[in-house]
Novice: 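Quick one: the structure is below, questions incoming.
All values below were derived from every heavy atom in this structure, side-chain atoms included, with hydrogens, water molecules and symmetry-related copies excluded. Not measured: the values here are computed from a predicted model.
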Amino acid sequence: MTPPVRGPLPRPDYASLTRYTPDRRAVPVDLSDNTNLWGTHPAALEAIRSAGTDALARYPHLYADDLRAAVARLHGVTSEHVATGCGSDDVLDSLWRALAEDGGAVTYAAPTFSMVEPLSQMNGREARAVAWSRALADPDLLLEGDPVMVYVCRPNNPTGHQAPEAWVAELLGRVEDDGPVVLIDEAYADFAGETLIPTAVEHPRALVVRTLSKAYGLAGLRVGYAVGSKALVGEVEKSRGPYKVNRLAEVAACAALADEDGWVQRTIAECLENRERLVAALRSRSEAPLPSASNFVLLPVAAGTAVPTALALRERGVAVRPFPDCIDVGDAVRVTVGPWPLMEQFLEAWDSLER
Ligand SMILES: *Cc1c(COP(=O)(O)O)cnc(C)c1O
């Protein structure tokens with residue numbers, strides 16, 4: 001236990017904030033964090049290898065303009081619609097910071113990305129969960145109490161569910177031009193093959209956030225971006241500040257986004273194939289994995305057994321992420337999909353669990 005700080009620190013709303021502490025001990029088969037288990041983009045590695053002295057000795061571009069241009073090219077927009085950051089967490093944090101004055105809640109469809117609560121707390125905002133089951137039936141629930149922001153993850157982590165495009169359109173249709181920002185986190189959209197970027201460019205209050213940590217295999221470099229209206233993107237850039245994307249990350253990300261040899265598309269295709277194989281293998285064992293539009297599968301387990309199941313799998317050399325008492329689902333474990341030999345090791349460990 002760290003002793004409490006004396007004097008005026010910490011900010012009162014920081015008192016209950018803790019460090020992010022998922023179980024990250026090394027394990028032979030790590031299926032716990034949804035990164036690309038095929039490795040990283042070869043073109044990104046090559047770009048890093050051939051970067052010269054200036055990439056380290058000099059400051060990077062102020063606002064990563066090469067990366068903004070690469071993102072803009074990929075999505076058929078102009079650079080003014082693109083903001084970047086040190087991982088999409090940094091982009092999210094910049095947006096949270098940029099929003100309105102103190103107060104004002106963030107609502108989110110739950111269960112979802114575990115950073116929504118701490119990001120809200122760090123930025124002095126209350127986060128309010130609305131169960132996905134209720135939000136899907138009535139998107140107005142996410143707008144109750146005049147929130148400053150609505151967070152929607154699509155496809156959703158950890159369920160893998162892809163909210164229908166018509167549902168998002170309905171939600172956005174109810175948001176006035178001075179209403180809450182609707183943040184659509186598309187960390188896994190590369191796997192779903194569908195994006196709301198064209199919608200975000202048109203709607204003054206919608207913003208899509210993406211990451212290179214998952215499909216692009218660059219989690220270690222920390223690169224993320226947002227696409228939306230020029231005005232909203234401009235606010236994120238101001239709040240983010242200069243020099244957030246380092247030069248090595250920028251050259252590697254540009255090379256990966258160009259995907260000239262199709263590495264990203266190939267690993268995504270294999271991932272989707274293995275996901276269906278894994279789902280079929282689990283169903284044949286009478287399990288009921290949730291349908292997923294992403295590179296992971298959420299697998300419900302008996303009440304109270306998510307954490308013990310994850311620990312037992314870890315003892316067998318396989319890490320998965322436990323979700324105890326998850327809204328709408330109950331206890332579950334989330335399994336990242338990777339090359340088939342890893343899936344076989346998972347299934348072997350699964351079959352050896354005592355039940
Ligand atoms: C992994 C993940 C991110 C984090 O991405 P970084 O770019 O690595 O910060 C953001 N959102 C969701 C939903 C994620 O699962």
Novice: If we check side chain to side chain contact (heavy atoms under 4.5 Å, CB included) with Asn36, which of these qualifies: Thr267, Ile268, Leu218?
Specialist: Thr267
Novice: Would you check if the distance from the ring center of Tyr188 to the ring center of Phe296 is below 6.0 Å?
Specialist: yes
Novice: State which residues pass side chain to side chain contact (heavy atoms under 4.5 Å, CB included) with Ala206; sequence neighbours excluded, sorted by chain then number.
Specialist: Leu172, Ala200, His203
Novice: From Met343 CE over to Leu282 CG, what is the distance, rounded to the nearest 0.5 angstrom?
Specialist: 10.0 Å
Novice: In plain terms, say whether Arg321 and Asp33 are close enough for a salt bridge, that is, a side-chain N and a carboxylate O under 4.0 Å apart.
Specialist: no
Novice: Would you mind reporting whether Val181 and Val148 have side-chain heavy atoms less than 4.5 Å apart?
Specialist: no
Novice: Tell me whether Val152 is reachable from Val106 by hopping between hydrophobic residues (I, L, V, M, F, W, Y) whose side-chain heavy atoms are closer than 4.5 Å.
Specialist: no
Novice: Has Glu186 got a side-chain atom pairing as donor or acceptor with Thr195's backbone, closer than 3.5 angstrom?
Specialist: no
Novice: Quick check for you: to the nearest 0.5 Å, what is the distance between Arg277 atom CZ and Leu272 atom CG?
Specialist: 14.0 Å
Novice: Show your reasoning for whether side chain to side chain donor-acceptor pair (under 3.5 Å) applies to Arg240 and Thr84.
Specialist: CA-CA 8 Å; Arg240 177 204 97 139; Thr84 61; 2.9 Å; yes
Novice: Using 4.0 Å as the upper bound for N to carboxylate O, is an ion pair formed by Arg154 and Glu194?
Specialist: yes
Novice: Could you state the interatomic distance from CG (Leu298) to OG (Ser292), rounded to the nearest 0.5 Å?
Specialist: 9.0 Å
Novice: Is a side-chain N or O of Asp93 found less than 3.5 angstrom from the main chain of Asp89, in a donor-acceptor match?
Specialist: no
Novice: Could you grab the distance from atom CG of Leu37 to atom CG of Asp30, nearest 0.5 Å is fine?
Specialist: 7.5 Å
Novice: Any donor-acceptor pair under 3.5 Å linking the side chain of Trp350 with the backbone of Leu313?
Specialist: no
Novice: Do Tyr20 and Phe323 share a hydrophobic cluster (ILVMFWY, side-chain heavy atoms under 4.5 Å, transitive)?
Specialist: no
Novice: Can you see which heavy atom on Pro180 is nearest to which on Pro147, and at what distance?
Specialist: CB-O, 3.2 Å
Novice: Just verifying a value: how many Å separate Glu46 CD and Asp261 CG, rounded to the nearest 0.5 Å?
Specialist: 11.5 Å
Novice: Tell me whether Asp331 contacts the main-chain N or O of Ala306 through its side chain, where contact means a donor paired with an acceptor under 3.5 Å.
Specialist: yes
Novice: Tell me whether Glu348 at atom CD has more than 12 heavy atoms from other residues, nucleotides or ligands lying less than 6.0 Å away.
Specialist: no
Novice: Same hydrophobic cluster for Val209 and Val175, using side-chain heavy-atom links shorter than 4.5 Å among ILVMFWY?
Specialist: no
Novice: Which heavy atom in Ser32 sits nearest to a heavy atom in Thr336, and how many Å separate them?
Specialist: N-OG1, 3.9 Å
Novice: Side chains of Val29 and Phe346: does their closest heavy-atom pair fall under 4.5 Å?
Specialist: no
Novice: Answer yes or no: is there a donor N or O on one side and an acceptor on the other, between the side chain of Ser239 and the main chain of Val236, under 3.5 Å?
Specialist: no
Novice: Report yes or no: does Arg125 contribute a side-chain atom to a donor-acceptor pair with the main-chain N or O of Gly104 at less than 3.5 Å?
Specialist: yes
Novice: If you take the centroid of each ring, where Trp contributes its six-membered ring, are Tyr225 and His75 closer together than 6.0 Å?
Specialist: yes
Novice: Would you call Glu126-Arg128 a salt bridge at under 4.0 Å N-O?
Specialist: yes
Novice: Under 4.5 Å between any side-chain heavy atoms of Leu342 and Pro339, yes or no?
Specialist: yes
Novice: For a 4.5 angstrom cut-off between non-hydrogen side-chain atoms, does Asp65 reach Ser79?
Specialist: no
Novice: Check for a donor-acceptor pair, side chain of His61 on one end and backbone N or O of Tyr63 on the other, with a separation under 3.5 Å.
Specialist: no
Novice: Take a 6.0 Å sphere around CZ of Arg316 and say whether it holds more than 12 heavy atoms from other residues, nucleotides or ligands.
Specialist: yes
Novice: Assess whether side chain to side chain contact (heavy atoms under 4.5 Å, CB included) is satisfied between Asp177 and Arg205, documenting all intermediate values.
Specialist: CA-CA 7 Å; Asp177 286 2; Arg205 305 303 284 169; 5.5 Å; no
Novice: For residues Val318 and Ala349, report the shortest heavy-atom separation together with the two atoms involved.
Specialist: CG2-CB, 3.9 Å
Novice: Should the pair Arg247-Asp54 be classified as a salt bridge under the 4.0 Å nitrogen-to-oxygen rule?
Specialist: no
Novice: If we count only N and O atoms by modelled type, under 3.5 Å, do the side chains of Asn157 and Arg334 hold a donor and an acceptor together?
Specialist: yes
Novice: Would you mind checking if Lys244 and Asp90 are paired as a salt bridge, meaning a charged N to carboxylate O distance below 4.0 Å?
Specialist: yes
Novice: Begin from the C-alpha positions of Asn156 and Gln162 and carry the test side chain to side chain contact (heavy atoms under 4.5 Å, CB included) through to its verdict.
Specialist: CA-CA 6 Å; Asn156 186 48; Gln162 168 97 327; over 6 Å; no
Novice: Please name the pair of heavy atoms, one in Ala70 and one in Leu257, separated by the smallest distance, quoted to 0.1 Å.
Specialist: CB-CD1, 4.1 Å
Novice: State whether a side-chain donor-acceptor pair under 3.5 Å links Gln121 with Tyr14.
Specialist: no
Novice: What heavy-atom pair brings Leu95 and Leu207 nearest, and what distance separates the two atoms?
Specialist: CD2-CD2, 4.0 Å
Novice: Any side-chain to backbone donor/acceptor pair from Glu250 onto Leu67? Under 3.5 Å, distance only.
Specialist: yes
Novice: Going by distance alone, is a donor N or O of one side chain under 3.5 Å from an acceptor N or O of the other, for Ser120 and Trp96?
Specialist: yes
Novice: Could you tell me whether a side-chain N or O of Thr305 sits under 3.5 Å from a main-chain N or O of Thr309, the two making a donor and an acceptor?
Specialist: no
Novice: So does Arg266 pair up with Glu270, basic N to acidic O under 4.0 Å?
Specialist: no
Novice: Near Arg58 CZ, under 6.0 Å, is it more than 12 heavy atoms from other residues, nucleotides or ligands?
Specialist: no
Novice: Nearest 0.5 Å please: distance from the CG atom of Leu92 over to the CE atom of Met115.
Specialist: 8.5 Å
Novice: Pair Leu278, Trp340 - check side chain to side chain contact (heavy atoms under 4.5 Å, CB included), show working.
Specialist: CA-CA 9 Å; Leu278 175 65; Trp340 192 249; 4.3 Å; yes
Novice: Hey, does the side chain of Thr107 reach the backbone of Leu142 with a donor-acceptor pair shorter than 3.5 angstrom?
Specialist: yes
Novice: Might you work through the side chain to side chain contact (heavy atoms under 4.5 Å, CB included) test for Leu212 and Leu221, ending with a clear yes or no?
Specialist: CA-CA 9 Å; Leu212 277 77; Leu221 281 181; over 6 Å; no
Novice: State yes or no: do Leu232 and Leu183 share one hydrophobic cluster built from I, L, V, M, F, W and Y residues joined by side-chain heavy-atom distances below 4.5 Å, directly or via other members?
Specialist: yes
Novice: Which atom names give the shortest non-hydrogen contact between Thr40 and Gly217, and what distance separates them?
Specialist: OG1-O, 2.7 Å
Novice: Any carboxylate oxygen within less than 4.0 angstrom of a Lys/Arg side-chain nitrogen, looking at Asp190 and Lys214?
Specialist: no
Novice: Would you call Glu237-Arg68 a salt bridge at under 4.0 Å N-O?
Specialist: yes
Novice: For residues Val150 and Phe113: do they belong to one hydrophobic cluster (side chain heavy atoms under 4.5 Å, members Ile, Leu, Val, Met, Phe, Trp, Tyr)?
Specialist: no
